[in-house]
Amino acid sequence: MMAAPVLDIQNLSVRYTTERGNLQALRGVNLTIPEKSIVGIVGESGCGKSTLISTIIQLLANNAKITSGDILFKGESLLDKSEKQLRGLRGTEMSMVFQDPMQTHNPVLTIGRQMIDIQYRDPLSKADKRQRAAEMLTLVGIPDANQRLDQFPHEFSGGMRQRIAIAMALMAQPSLLIADEPTTALDATLEVQIIKRLRELQAEIGCSILFISHHLGVIAELCDSVIVMYAGEAIEQGSVRDVFHTPAHPYTRALLQCDPGNIKEKTRNLPTIPGEIPDLVNLSPGCIFQSRCAQTIPQCAVAHPEFHTSKTGHVAACHLLQPEVQAQ
Amino acid sequence: MLAYTIKRLGLSVVITILAITLLFLIIHMIPGDPVSTMLGPKASPELRAALEEKMGLNQPLPVQIGLFFVNMLRGDLGVDVFTNRPVSQIVFGQLPYTLALIGTAIGWSAPLGIALGCVSAVRRDSFIDRLTGILSVSVIAVPAFVVSLYSLLFFAVQLKWFPAIGAGKSGDLPDQIWHLVLPAFAIGLSWVGYIARLVRASMLEILGENHIRTARAFGLPENWITFRYALRLAILPTITVIGVGMGFLLSAAVFTEIVFSRPGLGKLVIDSITTRNYPVVMGSVLFSTLIFVASTTISDLINALADPRIRNST
């Protein structure tokens, strides 16, 4: 029998109570992260990426509520666990790299102190913990790690702070590392370095990574499989190769066309997807992408699309993939 | 830190000099001159001239200010118009009472206010948060002299739990502390509410910041997050406010000292103004200014000690 996947999200829906009414931030999201794999999530701002992460680590805002579905971590439901049990998992079994490196560390505590604090469960001496922290910093490419442990966050550049955040997340030796746009704040050279490091360290520690980015090139470089999210739904998923080479959902195709890396001809105007993300408070029936889709059929306005298998074997939620529509 | 400290202390010296100069000018502009006050309207011109000479009043104003600073550095603040006692001696005699009063007031109100603010922020919208909120706003609205009067009437006159008047026998510490309770309560009460509101607001702000989310994502114990990671930052604005608040405490002390007939700087200022005893007015206001400058300096230094971003900003 195969081992349970590290993370298995089933039909997850999350809503926020807002002044305007209930905002359906996530609707029926399915996601599986097998052991030792790297899964990417792409999608534009507001597509529910951040809500998804907060739900996985169970640190949702007070006005958020999980309305359906389940999150299985190594086969056990996170929704059944007590706050104490969840805290036991955070920082040991799963760890996080957050998006904004400038604000991810406490400004009045030294980096060393913060890196020692997160090892509070380990029965090591303080000197050993410090040594370990210094080794992790060296590993992510921060020179003079031992001296720099006594410095405060504001004494590091953004790129360095991001690497410290990665070092902290990896120091936990987690089964699952969740990285929310960890390279967005970095310049391109550094981005490549960090991606390379992340890949090496992932192989070394043997963890799985959930990698969130809107940088398609990085996802292609790093991930085994990818999930495309749009307005709170996972609309297409499969291996990076299948999804990027033969996208099945019109949104994914549009997204790929907008990637500057794919634009071959000289142009003054970068392509965009016309229209806006639909209002998640007053959802209209039918496909979530219909208002911006160039290939709508009458069905799109009335029925919410099911997942269909594309020609290459990955899945996408689009009416156009139904065999009877394909046949026409 | 050293560079910051030197810079900050230098600034304090400049502020002190400016404040004292201003003070000198204001006192100088008060109608009625000290010579007539001392000698009466019927004094001979020779006598007047002699006294003016002695007090340096015949000199041009800048020279007078300069002389005042020189004398001040020598510890000479002039003499009491009526008793001829040195002003410095009189002020130093009253200073401990006022310092004890405002020290005790902030000493009980700040910890309580910080604790209430913390609990309110951590248990936001709970019963205790709402109760603290209502009580805070109520006590902030009541001036210290009103609290003084009513606590005097209720706890001292009606219930006879505490003494009503004076500062206690000198040398008898328990008696003096006993006399300190009501006035310190009266001055500190509104500060409990004020500090609780302030700490609650900055705690809520800090608890919503990304680095707290990071700490939570690493599973740090919740009490570490509250005290080590959040309160350490959230307390800094409160320290600044308390530093500046010393000015308000000093003026609250004036009323309270009158109400409780306690010796102290406030009572000294009022008494000496009513008798036009200008050297004593000058001396006591000077010390109030020094207390204020010192407290703001100390609160800034504490801020710099607690926040590396401030101390490295030089």
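The model shown is predicted, which means the values in this text are computed figures rather than measured ones.
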Is any residue of residues 48-62 of chain A within less than 4.5 Å of chain B by heavy atoms, and which ones? A:Ile57, A:Leu59

Give, as side chain, backbone, both or neither, the part of [X] having an atom under 4.5 angstrom from any heavy atom of chain B.
X: A:Glu83; answer: neither
X: A:Met168; answer: both
X: A:His105; answer: backbone

Give the minimum heavy-atom separation between B:Ile195 and B:Gly113, together with the two atoms involved. CG2-C, 3.8 Å

Could you report the tightest heavy-atom contact between B:Ala105 and B:Leu249, atom names first, then the distance? CB-CD2, 4.4 Å

Could you walk me through whether A:Arg161 and A:Asp100 pass the salt bridge (Lys or Arg N to Asp or Glu O under 4.0 Å) check? CA-CA 9 Å; A:Arg161 286 192 226 182; A:Asp100 182 2; over 6 Å; no

Looking only at heavy atoms and a cut-off of under 4.5 Å, which of A:Ser95, A:Gly91, A:Gly88, A:Pro107 has the most pairs with chain B? A:Pro107

Please identify, among [options], the residue contributing the most non-hydrogen atom pairs under 4.5 Å to chain A.
options: B:Leu236, B:Asp307, B:Asn210; answer: B:Asn210
options: B:Ile212, B:Ile206, B:Leu233; answer: B:Leu233
options: B:Arg213, B:Glu222, B:Arg216, B:Arg232; answer: B:Arg213

Say whether, by atom type as modelled, one donor and one acceptor occur between the side chain of A:Ser37 and the main chain of A:Ile33 under 3.5 angstrom. no

Say you draw a straight line from CZ of A:Arg132 to CG of A:Leu137; how long is it, rounded to the nearest 0.5 Å? 12.0 Å

